[in-house]
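Computed from a prediction, not measured in an experiment: that's the story for all the values here. In what follows, every heavy atom counts, from backbone to side chain, and hydrogens, waters and symmetry copies are set aside. Lettering follows sequence order; numbering is per chain, from 1.
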Amino acid sequence: MAEFQAPVGTRDVLPPESARWAALVARFASTVTRAGYGLVVGPMFEDVGVFERVGESTDVVRKEMYEFDDKGGRRIALRPEGTAPVVRAFVQHRPPVPFKAWYVAPNFRYERPQAGRFRQHHQVGVEALGTDDPDLDVEVVALCWEVARGLGLRHMTLLLNSLGDDACRPAYLEQLKAFLATKELCKEHRDRSVENPLRVLDCKRDECRAATAGAPRMVDHLCDDCRPHFERVQRGLTALGIPFEIEPRLVRGLDYYTRTTFELASGALESAQNAIGGGGRYDKLTEALGGPPTPGIGFGMGIERLLLACDEEGVFAGPERAVDVWVVDTTGGEAAGALAHVLRDAGIATDRSFDERSMKAQFKAADRSGARIALVVGEQEAAAGEVTVRDLGSGEQTTVPAPDVVDHVRKLLGE
RNA sequence: GUGGCCGUAGCUCAGGUGGUUAGAGCGCCAGGUUGUGGCCCUGGAGGUCGGGGGUUCAAGUCCCCUCGGUCACCCCA
């Protein structure tokens with residue numbers, strides 16, 4: 001047991017697993033970039049207020065934040081979620097709308113780790129601000145769906161709901177509150193139900209589950225703005241061939257959501273944590289952070305959970321090899337250095353052995369690396385100014401003049 | 001925050017009722033093959049038995065504490 005280990009709830013992602021990680025991020029970036037989303041890079045810690053402002057009654061903010069005072073006495077929190085920082089940046093810089101951004105960043109939540117849950121986890125996500133056009137909802141939800149589909153995931157359920165807006169939600173909340181007042185709730189929500197009755201719908205405990213069985217549903221009380229908005233989102237998704245289920249209990253963990261909320265659940269994950277992505281519309285968030293009224297919508301997807309789901313479904317294995325070519329040099333190693341440099345300069349992924357190991361050892365290393373080709377520089381080749389090119393799959397090899405090596409390798413690699 | 005299970009080589013694990021120098025497989029290194037990988041054979045390196053305390057003539061093995069891992073509840077990616 002090493003003296004120092006990664007802190008509780010964190011882990012190290014090393015090669016070769018990290019290559020899969022990088023490939024996932026690249027895939028995500030490609031998908032959303034093609035839809036006009038630009039990368040936003042920001043701090044991974046913020047003034048505590050950025051998060052407090054957006055979710056006072058949520059677990060994430062109430063009891064899971066990593067908070068501390070920095071040396072200047074500022075109250076800091078490691079970001080527990082991705083939306084508030086992007087919205088804070090939007091309010092600070094006021095970029096032209098629609099502002100469509102994507103990110104990849106770590107999130108921190110002080111929870112007990114378990115399968116698919118960490119204290120530091122990583123999310124890729126998008127945020128789009130500046131319009132409440134339901135077509136944007138469709139675009140954003142579709143991106144989330146397509147990213148997962150693109151990885152090869154098939155066993156997924158898209159849950160959809162609408163939480164209404166300022167026009168219809170207050171009246172609904174009163175109804176819900178009145179309904180819940182006659183029920184026995186779990187100890188957690190006995191008091192909190194007044195503060196935020198929606199939370200009760202989300203509670204998994206038996207008491208609350210039973211109490212909310214016949215509760216009024218927000219989707220049945222949407223106003224004349226929200227109802228057609230929600231209907232258009234559904235029509236749009238249907239038109240794109242994206243299947244979804246209306247889930248009236250879907251509240252999500254953060255308070256800022258309005259209208260559309262959604263969650264992508266994996267049917268392949270057997271653990272309790274099966275949400276691989278989630279998000280929704282947050283039309284009041286910019287104002288809460290001191291900005292001009294600006295509607296927005298976004299989602300986040302958990303990289304760890306996406307990869308877990310991929311494991312379960314046996315898809316998205318990641319890159320097979322790290323390099324295509326391995327240089328074997330028994331003349332001291334300088335020739336390997338020179339040859340590797342030339343190949344790398346030509347865009348061919350190349351590695352080599354160090355420490356003047358035996359030819360046998362170098363070939364073993366070549367084999368283990370997964371390289372398809374070994375280049376051999378021994379005494380004979382060095383003397384003749386040649387290089388032996390060996391196909392590690394078939395075992396066939398030929399010796400060519402050193403200047404022709406790159407061309408030969410390219411041909412063998414099928415480029 | 002609460003609870004279950006588990007901590008022996010880099011990894012996966014053996015080590016009845018406590019008793020001599022703690023083992024295996026895989027991996028790693030070297031040799032068999034003084035210019036060649038995958039298969040095979042041989043050898044080698046590698047362990048504060050998570051840590052601390054206690055019981056005992058004697059603790060990997062029993063007791064306590066602690067740290068860590070894992071799974072679950074709540075909630076979430």
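Base contact: A/Lys360 has a heavy atom under 4.0 Å from a base atom. A/Ala366 comes within contact range of no nucleotide atom at all, as no heavy-atom separation falls under 4.0 Å. When heavy atoms are screened at a 4.0 angstrom cut-off, A/Arg357 is found touching the sugar-phosphate backbone but no base atom. Within the 4.0 angstrom heavy-atom criterion, no nucleotide atom of any strand lies near A/Glu304. Residue contacts for A/Gly279: at a heavy-atom cut-off of 4.0 Å it reaches no nucleic acid atom on any strand shown. Among the protein residues, A/Gly125 comes within range of no part of the nucleic acid, since none of its heavy atoms lies under 4.0 Å from any strand. Residue contacts shown for A/Gly116 include a base, since a base heavy atom lies under 4.0 Å away. When heavy atoms are screened at a 4.0 angstrom cut-off, A/Leu392 is found touching base atoms of the nucleic acid. No engagement by A/Glu81 is indicated, since no non-hydrogen atom pair under 4.0 Å with the nucleic acid exists. Contacts of A/Arg205 with the nucleic acid, taken as non-hydrogen atoms under 4.0 Å apart, involve only primed sugar atoms and P, OP1 or OP2.
You'll find that the side chain of A/Val8 is closest to B/G68, out of B/G38, B/C74, B/G68. For A/Gln273, the side-chain atoms get nearest to B/C75 when compared with the rest of B/C75, B/A72, B/G35. Taking every side-chain heavy atom of A/Gln397 into account, B/U36 is the closest of B/G31, B/G35, B/U36. For A/Arg390, the listed nucleotide lying nearest its side chain is B/U36; candidates were B/A72, B/U36, B/C75. Side-chain proximity of A/Asp367 to B/G37, B/U36, B/C75: nearest is B/G37. For A/Phe118, the side-chain atoms get nearest to B/A77 when compared with the rest of B/A72, B/A77, B/C75.
Geometrically, A/Arg119 engages A/Tyr110 in a cation-pi contact, judged by NZ or CZ lying under 6.0 Å from the ring centre and within 45° of the ring axis.
Between the side-chain ring of A/His122 and the base of B/A77, no stacking contact exists by the 5.5 Å and 30° definition.
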Pair A/Arg281, A/Asp137 - check salt bridge (Lys or Arg N to Asp or Glu O under 4.0 Å), show working. CA-CA 8 Å; A/Arg281 184 164 273 291; A/Asp137 300 45; 2.5 Å; yes
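Here the C1' atom of nucleotide B/C75 and the CZ atom of A/Arg119 are 14 Å apart, to the nearest Å. Rounding to whole angstrom units, CG of residue A/Asp12 and P of B/C11 are separated by 13 Å. If you measure from atom CG of A/Asn274 to atom P of B/C73, you get 11 Å, rounded to the nearest angstrom. When rounded to the nearest whole Å, the span between CH2 of A/Trp326 and C1' of B/U36 equals 15 Å.
For the C1' atom pair drawn from B/U12 and B/C74, the interatomic distance equals 34 Å after rounding to whole Å. Remark: the separation of the P atoms in B/G7 and B/U17 is 14 Å, to the nearest Å. B/G32 and B/G15: their P atoms are spaced 39 Å apart (whole Å). B/A14 and B/U42 have their C1' atoms separated by 24 Å, given to the nearest Å. When the P atom is compared between B/C11 and B/C28, the two are found 15 Å apart, to the nearest whole Å. Taking the P atoms as reference points, B/G18 lies 11 Å from B/U61, given to the whole Å. Taking the P atoms as reference points, B/G27 lies 40 Å from B/C64, given to the whole Å. Separating the C1' atom of B/G10 from that of B/C29 is a span of 13 Å, rounded to the nearest Å.
Contact check, A/Arg112 against B/C71: no side-chain N or O comes under 4.0 Å of OP1 or OP2. Residue A/Gln114 places at least one side-chain N or O closer than 4.0 Å to OP1 or OP2 of B/C73. Distances shorter than 4.0 Å separate some side-chain N or O of A/Arg368 from OP1 or OP2 on B/C29.
For A/Glu379 against B/G35, a side-chain-to-base donor-acceptor contact under 3.5 Å is absent. Judged by distance alone, with hydrogens and angles left aside, A/Glu381 brings a side-chain donor or acceptor within reach of the base of B/G35, the pair sitting under 3.5 Å. One N or O donor and one acceptor, one from the side chain of A/Arg117 and one from the base of B/C74, sit under 3.5 Å apart. A donor-acceptor contact under 3.5 Å is not formed by the side chain of A/Gln362 with the base of B/U36.
Side-chain atoms of A/Gln273 come within 3.5 Å of backbone atoms of A/Ala115 as a donor-acceptor pair (strictly under, hydrogens ignored). Looking only at distances, a side-chain donor or acceptor of A/Arg154 sits under 3.5 Å from a matching main-chain atom of A/Arg149. Although no hydrogens or angles enter the test, the distance criterion places no donor-acceptor pair under 3.5 Å between the side chain of A/Arg372 and the main chain of A/Val325.
Ionic pairing of A/Arg357 and A/Asp355 is not present here: no N-O contact between side-chain nitrogen and carboxylate oxygen is shorter than 4.0 angstrom. A salt bridge links A/Lys100 and A/Glu139; the closest N-O separation between the charged side-chain nitrogens and carboxylate oxygens is under 4.0 Å. Note on A/Asp202 versus A/Lys204: salt bridge recorded, some NZ/NE/NH1/NH2 to OD/OE distance being below 4.0 Å.
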